[in-house]
Amino acid sequence: MIQLLVQMILLAVLVTFVACNPQPLPLDDIVIEKTFTPERCDRMVKSGDFVRYHYIGMFPDGKKFDSSYDRGNTYNVFVGQKQLIAGMDKALVGMCVNERWMIKIPPHLAYGKDGYGDIIPADSILHFDVLMLDIWNKEDKVQIKTYHKPESCVRTVQVSDYVRYHYNGTLLDGTLFDSSHTRMRTYDTYVGIGWLIAGMDQGLLGMCVGEKRIITMPPFLGYGENGDGSDIPGQASLVFDVILLDLHNPKDEITVQVQSLPDPCPRKSEVGDFMRYHYNGSLLDGTFFDSSYSRNRTYDTYIGKGYVIAGMDQGLLGVCVGEHRRIVIPPHLAYGEEGTGTKIPGSAVLVFDVHIIDFHNPSDIVEVTGVKPENCTHNAKRGDFVKYHYNATLMDGTHIGSTHTFGKTYDVVLGAGQVVIGMEQGLIGMCVGEKRKLVIPPHLAYGERGVDGEVPGSAVLVFDVELVDLEDGLPEGYMFVWNGDVSPNLFSEMDKNKDAQVDTTEFSDYILQQVEEGKGRLAPGFEPQRIIQNMYDNQDRNKDGKITEDEFKLKADEAGPHDEL
């Protein structure tokens with residue numbers, strides 16, 4: 001009885017042991033358990049494909065016999081070409097990149113009755129935890145997927161072009177291996193002449209500036225069997241997310257697009273002209289780098305003389321005042337391989353949107369246009385006192401002044417330096433009632449400095465002028481003349497109190513009386529008392545504040561011109 005009880009207890013223990021450690025069920029074929037499936041599957045493994053994957057090899061009881069992770073390298077192999085055990089060759093077909101499967105393989109599709117040395121016993125069922133990382137085929141070519149293309153694409157990348165682009169480089173499973181963005185610097189290179197890996201040389205062709213595309217390439221068009229020795233493993237497919245920022249060819253010249261052209265255009269710029277213009281400067285991808293508008297002043301320079309970059313020197317020739325044009329300048333005609341070190345990178349194509357405000361040449365004279373009245377008997381000359389109305393603008397039409405605003409004429413003596421030289425020249429020869437348009441270059445107007453808050457430096461001025469009145473001036477060098485014969489008793493007539501000297505009051509009263517009676521005439525356009533005081537000071541030879549008869553002389557008796565009698 002006791003012996004029977006012991007046998008029953010031993011049987012129960014054995015049953016319990018078998019229940020805790022069940023023997024693997026026999027498999028007729030592979031079994032696949034999908035432990036992770038990515039949302040997107042662009043490609044599945046086919047027979048003949050080359051794959052890279054990680055795996056853990058285990059027996060059914062969970063004991064590990066091998067792992068690619070432990071070796072730090074993926075397993076790289078062709079599928080369906082008997083480079084794998086039959087079960088794995090069969091099981092990998094249909095997997096996607098980043099998909100993870102548990103693959104169970106029966107012995108006859110693994111190592112069978114022979115096993116594998118001391119590692120895998122005979123008739124072993126094998127479990128493989130597989131993570132697919134890469135798939136490619138010998139027939140693969142570069143794959144291009146454009147996900148953004150600009151509306152305007154005037155030019156695409158061709159062989160031998162030089163490009164600047166940003167990229168993120170990943171493996172097929174999404175592992176980042178490089179990025180120009182993290183270096184905050186574009187990748188700059190020639191295309192199609194072997195400076196890049198073959199897949200990138202092909203993948204960049206046909207791109208527009210501003211285009212974004214995904215370029216996927218098999219390893220034989222990337223870094224091949226050996227990878228790059230660091231971040232890119234051997235036999236790795238590569239994925240580049242690229243945005244093209246710049247494109248030019250070393251043979252390029254500037255391109256000019258006229259956006260608006262004034263009509264008429266009486267004059268076009270030439271080499272040696274001095275120009276005032278506004279501009280917005282950007283890179284080819286639209287990145288702003290500079291603007292004259294932000295400084296609220298034009299850029300002023302000579303053109304065609306090397307004062308600006310070569311491309312701008314060329315692009316500003318042949319323009320009209322008021323013209324808008326876009327000038328695209330390749331780097332070898334701009335800031336070259338070095339850029340400016342700040343806002344303009346090396347090898348950058350520059351785009352300037354330009355508005356021409358005015359230009360002139362240092363040899364320019366006043367340009368006068370107008371029609372003389374039929375009855376024109378008296379032409380303005382130096383010394384004449386003239387009254388005129390004007391409207392003044394810059395060449396671009398900006399208003400800078402008008403006598404009509406105040407309802408009064410502008411009154412000057414020609415040749416007295418009361419207006420800019422160009423205005424004096426433009427008024428000479430006018431008749432009362434005549435209207436003229438005067439275009440005055442800055443060297444005959446307000447020069448390089450201009451007038452603060454009113455006239456910019458180096459500005460060409462445009463005056464619409466109407467002569468309203470004209471009074472004859474005196475001969476050059478005279479501020480007072482007699483209309484008839486001079487009295488032989490001039491000194492005694494001035495000396496009212498007969499003290500043998502003439503003071504300022506006696507002198508002034510006498511001259512004003514002669515003017516009032518029409519016997520003499522003061523130069524028009526000047527303050528009378530100022531003229532008279534100058535005349536008095538010239539007669540007061542010893543500067544004692546009085547004039548004696550010995551000091552008193554007529555103008556005709558003087559050797560040189562003075563404001564005297």
Side-chain angles (χ1 to χ4, degrees), residues 365-394 397-441 444-446 451 454-455 459-484 508-535 555 561 563-565:
I365 60 174
V366 177
E367 180 184 324
V368 179
T369 55
V371 179
K372 275 191 174 295
E374 292 183 1
N375 300 320
C376 181
T377 58
H378 196 162
N379 297 318
K381 62 184 183 304
R382 287 177 59 87
D384 287 351
F385 181 59
V386 297
K387 298 182 178 182
Y388 61 94
H389 276 300
Y390 71 84
N391 284 316
T393 66
L394 303 180
T398 301
H399 178 79
I400 57 174
S402 175
T403 55
H404 299 284
T405 303
F406 304 102
K408 56 188 291 187
T409 58
Y410 199 81
D411 308 339
V412 299
V413 177
L414 296 180
Q418 297 173 348
V419 289
V420 295
I421 296 173
M423 179 60 80
E424 282 196 338
Q425 294 178 4
L427 291 171
I428 295 292
M430 287 190 77
C431 302
V432 173
E434 183 178 349
K435 295 181 180 179
R436 285 183 175 179
K437 181 175 184 178
L438 311 178
V439 180
I440 304 176
L444 298 177
Y446 294 101
V451 178
E454 297 181 40
V455 179
V460 178
L461 306 183
V462 181
F463 287 91
D464 288 310
V465 178
E466 179 182 7
L467 191 63
V468 175
D469 198 4
L470 167 64
E471 183 179 346
D472 272 337
L474 301 186
E476 189 170 355
Y478 285 80
M479 298 301 286
F480 173 84
V481 294
W482 297 96
N483 291 331
S508 177
D509 289 347
Y510 183 80
I511 295 299
L512 290 174
Q513 181 182 355
Q514 306 310 303
V515 172
E516 184 177 353
E517 293 176 357
K519 298 178 181 179
R521 184 164 168 252
L522 290 169
F526 298 97
E527 201 277 312
Q529 286 298 339
R530 183 178 176 185
I531 296 176
I532 295 170
Q533 186 63 50
N534 285 341
M535 293 169 62
K555 176 76 173 178
D563 295 332
E564 297 181 0
L565 298 178

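Keep in mind the model is a prediction, meaning the values are calculated, not measured.
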More than 12 heavy atoms of other residues, nucleotides or ligands under 6.0 Å from CD of Glu516: is that the case? no

Please tell me if the side chains of [X] and [Y] come closer than 4.5 Å, counting only heavy atoms from C-beta onward.
{"X": "Val368", "Y": "Gln425", "value": "no"}
{"X": "Val419", "Y": "Tyr410", "value": "yes"}
{"X": "Asp469", "Y": "Phe385", "value": "no"}
{"X": "Val386", "Y": "Met430", "value": "no"}
{"X": "Leu522", "Y": "Ile511", "value": "yes"}
{"X": "Lys372", "Y": "Asn379", "value": "yes"}
{"X": "Asn534", "Y": "Phe526", "value": "no"}
{"X": "Val439", "Y": "Val366", "value": "no"}

Report yes or no: does Gln514 contribute a side-chain atom to a donor-acceptor pair with the main-chain N or O of Lys519 at less than 3.5 Å? no

Rounded at 0.5 Å granularity, tell me how far CG in Leu467 sits from CG in Leu427. 7.0 Å

Hey, mind stepping through Asp411 and Gln418 against side-chain contact (heavy atoms from CB on, under 4.5 Å) and telling me if it holds? CA-CA 9 Å; Asp411 308 339; Gln418 297 173 348; over 6 Å; no

If you look at every heavy atom in Leu414 and Ala380, which pair is closest and at what distance? CD1-CB, 3.8 Å

Shortest non-hydrogen contact from Thr403 to His389? OG1-ND1, 2.7 Å

Given the options Thr393, Val420, Val455, Leu461 meets side chain to side chain contact (heavy atoms under 4.5 Å, CB included) only with Val455

